[in-house]
Amino acid sequence: MERSLWARSLVWCAALLLGAAACTSRGGSGPRATERPVTGTQLVIATGLDVTGKYGIRKRLVDAWNALQEKQGSPWRARAVLLPGSADLQRSQLLAALQSGSAAYDVVNLDVTWVPEFAAAGLVGELPAEYADDGDVLPGVAATARWKGKVYAAPYNSDVGLLYYRRDYLVPGAGIDEEKIKALSRRGTPWDELAGLMDTADAWARAEKSDRKGNYRNAWTSQLAAYEGLTVNAVEAFASAGVRLTDDGGVYRATPGELAKGVAEFRRRTESAHTLDGAFESDEAGTLKDFAEGRTAFLRHWPYAYRTLHAALGEERLGVVPLPGTAVLGGQDLAVAAGPAMPGARVEKARELVRFLTGPASERCLLDAGFAATRRSAYTDPGVVCDDRRAAPAAGAPSEGGERDMPRDADHRPRYARTTLLPALESAALRPRTPLYGAFTQAFTGVLSRLHSSAAARREADGEVAEELDAALRGVLPGG
């Protein structure tokens, strides 16, 4: 009983980190962004909370750069300030600060969907092409750093939707062996194949009367509340149906007929009897908790969840494969603020800092800590290691590793990284690239969320919903 309570507390606490209402909120990993940053020879990085903990890998990377500067006799140092609140609130704070010049940020950590907006507004400076296009950064990930053919950021950590599953709910009682699960990881696998496994899991779990299955409700869950989680799930459904919403320049290109295919795929995934009822009000933390506590057998979530779930469930009960169909990329990129009075020497030093934080060794450290690295070498090159003061988390505090740390391969990478995470990143799609992403996601979720909250909307035909969606997107995107 004590172990079970510990596991549930760990899952819940770690999940909350993503939303910055974190278990580490009393300690944090740096000064709050409301403090006036120090200028002079101190570079300031504006960033969200590090989900790897109080002395997480991002802080260790900054410390390693500072140690290198000291060793070289350089007066420059860097520090991170934390942007509080949700991702939307952080974006608003950054926009206001950079537009007004009220905060002396040198480097900003941007969600990949924000890069076009900040670049188009002139709030971040152009970088040399090799910051994203050096042959090592994964091509899809590199695309998140570009806008209008120019590079404005360096990919820092990526993200992609993955499919987690409960081995104890599937094998062997449900008649589903590991080969059937692994088959889902093949590129181009349709959602139908997963739906068939869900049917089997549902039938078995509901027929099982033991206390061990008392929590079970439905076969799968995902983040379907009316926020960015819904946008991600819907874009994955639309992309799986072959629907592209905008071109590379953010111009709206879809037709009502194409949208109807996307609506049908989204409905097929979310309106089925397989979907956990609570999913329609759930975010990352809620779905993680439901899965860990046994209410569902399958979960769509991000890579950072793997460490947390493994700590709670262990390898004997937890599995993960690439998401069937098309998953979308998430993640964050580092950009240099475009302050009009920023001296050239300061700009160059900020670029040097970005280069260090996103270099091969740093990316390997991020991968070892549980992030999705942006560089292929982090997954495949045995010569790329987490060196100097960029200590791997397994060597850190018990809360960042411990006895139930992620399974590792011979090179101490997370064992699933090369076989599961890398292929998922390589085949993932981008969300719409537009400076108007905020308006897009509000219009997109505004129409689709009604399918789960309005009885009248649920009765509408796919074509009718598509017409409404087309009108909403034409109202906020160019080309509409």
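Since we're looking at a predicted model, the values are computed, not measured.
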### Message
I need the single residue from Trp191, Phe298, Tyr169 that forms a ring-ring contact (aromatic ring centres under 6.0 Å, His included) with Trp220. Which is it?
### Response
Trp191
## Note on the structure
Heavy-atom nearest pair, Asp202 first then His274, reads OD2-CD2, 3.5 Å
### Task
Find the distance between OH (Tyr252) and OG1 (Thr255) and round it off to the nearest 0.5 Å.
7.5 Å
#### Entry: Asp462/Arg267 salt bridge by N-O under 4.0 Å criterion
yes
### Query
Above 12 or not: heavy atoms from other molecules or residues under 6.0 Å from CD of Gln442?
no
### Message
Whether the Asp88 and Ser86 side chains hold a donor-acceptor pair (N or O, under 3.5 Å, no angle test) is what I'd like checked.
### Response
no
### Query
Given side chains that start at C-beta, do those of Leu367 and Pro414 come closer than 4.5 Å, heavy atoms only?
yes
### Nearest-0.5 Å distance, CG of residue Leu323 to CG of residue Leu194
8.0 Å
### Query
Can you pull the salt bridge (charged side-chain N to carboxylate O under 4.0 Å, His left out) pairs that have at least one residue in residues 421-432, sequence neighbours excluded?
Arg187-Glu426, Glu228-Arg431, Arg376-Glu426
### Query
Ignoring hydrogens and geometry, is there a side-chain-to-backbone donor-acceptor pair from Arg433 to Arg146 under 3.5 Å?
yes
### Task
Using only heavy-atom distances, determine whether the side chains of Ser240 and Arg269 contain a donor-acceptor pair under 3.5 Å.
yes
### Any side-chain heavy-atom pair of Glu236 and Thr326 under 4.5 Å
no
### Message
Does any part of the side chain of Gln90, heavy atoms only, come nearer than 4.5 Å to the side chain of Trp114, both counted from C-beta?
### Response
yes
#### Entry: Expected output: side-chain Arg244 to main-chain Thr246 donor-acceptor under 3.5 Å
yes
### Query
Is there a donor-acceptor contact under 3.5 Å from the side chain of Asn233 to the main chain of Gln223?
yes
## Note on the structure
To the nearest 0.5 Å, atom OH of Tyr165 lies from atom CG of Leu318 at 8.0 Å
### Query
Does Glu271 reach the main-chain N or O of Arg458 with its side chain, forming a donor-acceptor pair under 3.5 Å?
no
### Task
Assess whether side-chain contact (heavy atoms from CB on, under 4.5 Å) is satisfied between Leu162 and Tyr306, documenting all intermediate values.
CA-CA 10 Å; Leu162 298 173; Tyr306 185 74; over 6 Å; no
### Minimum side-chain heavy-atom gap Tyr152-Asp333 below 4.5 Å
no
### Task
Kindly say whether Ser158 contributes a backbone atom to a donor-acceptor pair with the side chain of Thr374 at under 3.5 angstrom?
no
### Message
Using 0.5 Å steps for rounding, measure from the CD atom of Glu316 to the CG atom of Asp168.
### Response
8.5 Å
### Query
Tell me, do Val320 and Leu309 make a side-chain contact under 4.5 Å, heavy atoms counted?
no
### Query
Ala428 and Val160: which non-hydrogen atoms are nearest, and at how many Å?
CB-CG2, 3.7 Å
### Task
Kindly determine whether Phe266 and Val465 satisfy side-chain contact (heavy atoms from CB on, under 4.5 Å), including the steps that lead there.
CA-CA 12 Å; Phe266 178 65; Val465 178; over 6 Å; no
### Message
Quick check against the 3.5 Å criterion: does Arg167 have a side-chain atom that pairs as donor or acceptor with the backbone of Glu315?
### Response
yes
### Query
Is there a donor-acceptor contact under 3.5 Å from the side chain of Tyr379 to the main chain of Ala373?
yes
### Query
Run the side-chain contact (heavy atoms from CB on, under 4.5 Å) check on Val476 and Leu436 step by step: do they pass?
CA-CA 8 Å; Val476 297; Leu436 302 171; over 6 Å; no
### Message
Are the side chains of Leu259 and Phe238 in contact, using a 4.5 Å heavy-atom criterion?
### Response
yes
#### Entry: Interatomic spacing from CZ in Phe118 to CG in Asp111 - rounded to 0.5 Å
10.0 Å
### Task
Taking the side chain as every heavy atom from C-beta outward, state whether Leu82 and Thr47 have any atom pair closer than 4.5 Å.
yes
### Message
side-chain contact (heavy atoms from CB on, under 4.5 Å), that's the test. Do Met198 and Asn218 meet it? Break it down for me.
### Response
CA-CA 9 Å; Met198 289 179 181; Asn218 296 90; over 6 Å; no
### Message
Check the orientation of Tyr164 and His301. Use parallel for under 30°, tilted for 30 to 60°, and perpendicular for over 60°.
### Response
perpendicular
### Taking every non-hydrogen atom, the tightest pair across Ala443 and Leu469
O-CD1, 4.5 Å
### Query
Do Thr221 and Asp290 have a side chain donor and acceptor closer than 3.5 Å?
no
### Query
If we ignore angles and hydrogens, is there a donor and acceptor under 3.5 Å between the side chains of Asp159 and Tyr304?
no
### Task
Provide the closest heavy-atom pair for Leu451 versus Ala457 in the form atom of the first, atom of the second, distance.
CD2-O, 3.7 Å
### Query
If you measure from OG on Ser449 to OH on Tyr227, what distance do you get to the nearest 0.5 Å?
13.5 Å
### Query
Do Asp368 and Cys365 come within less than 4.5 Å of each other through their side chains, counting heavy atoms only?
no
### Message
Can a donor-acceptor pair be found, under 3.5 Å and without considering hydrogens, that links the side chain of Glu265 to the backbone of Ala237?
### Response
no
### Message
If we ignore hydrogens and angles and just use 3.5 Å, is the side chain of Arg166 paired with the main-chain N or O of Ala292 as donor and acceptor?
### Response
yes
### Message
Could you check whether any side-chain N or O of Arg413 sits under 3.5 Å from a backbone N or O of Ala378, counting only pairs where one atom can act as donor and the other as acceptor?
### Response
yes
### Message
Using every non-hydrogen atom in the two residues, find where Phe280 and Thr270 come nearest and quote the distance to one decimal.
### Response
CZ-O, 3.2 Å
### Query
Leu357 and side-chain contact (heavy atoms from CB on, under 4.5 Å): which partner among Leu61, Asn109, Leu366, Val107?
Leu61
### Query
Pro382 and Asp411: which non-hydrogen atoms are nearest, and at how many Å?
CB-OD2, 4.3 Å
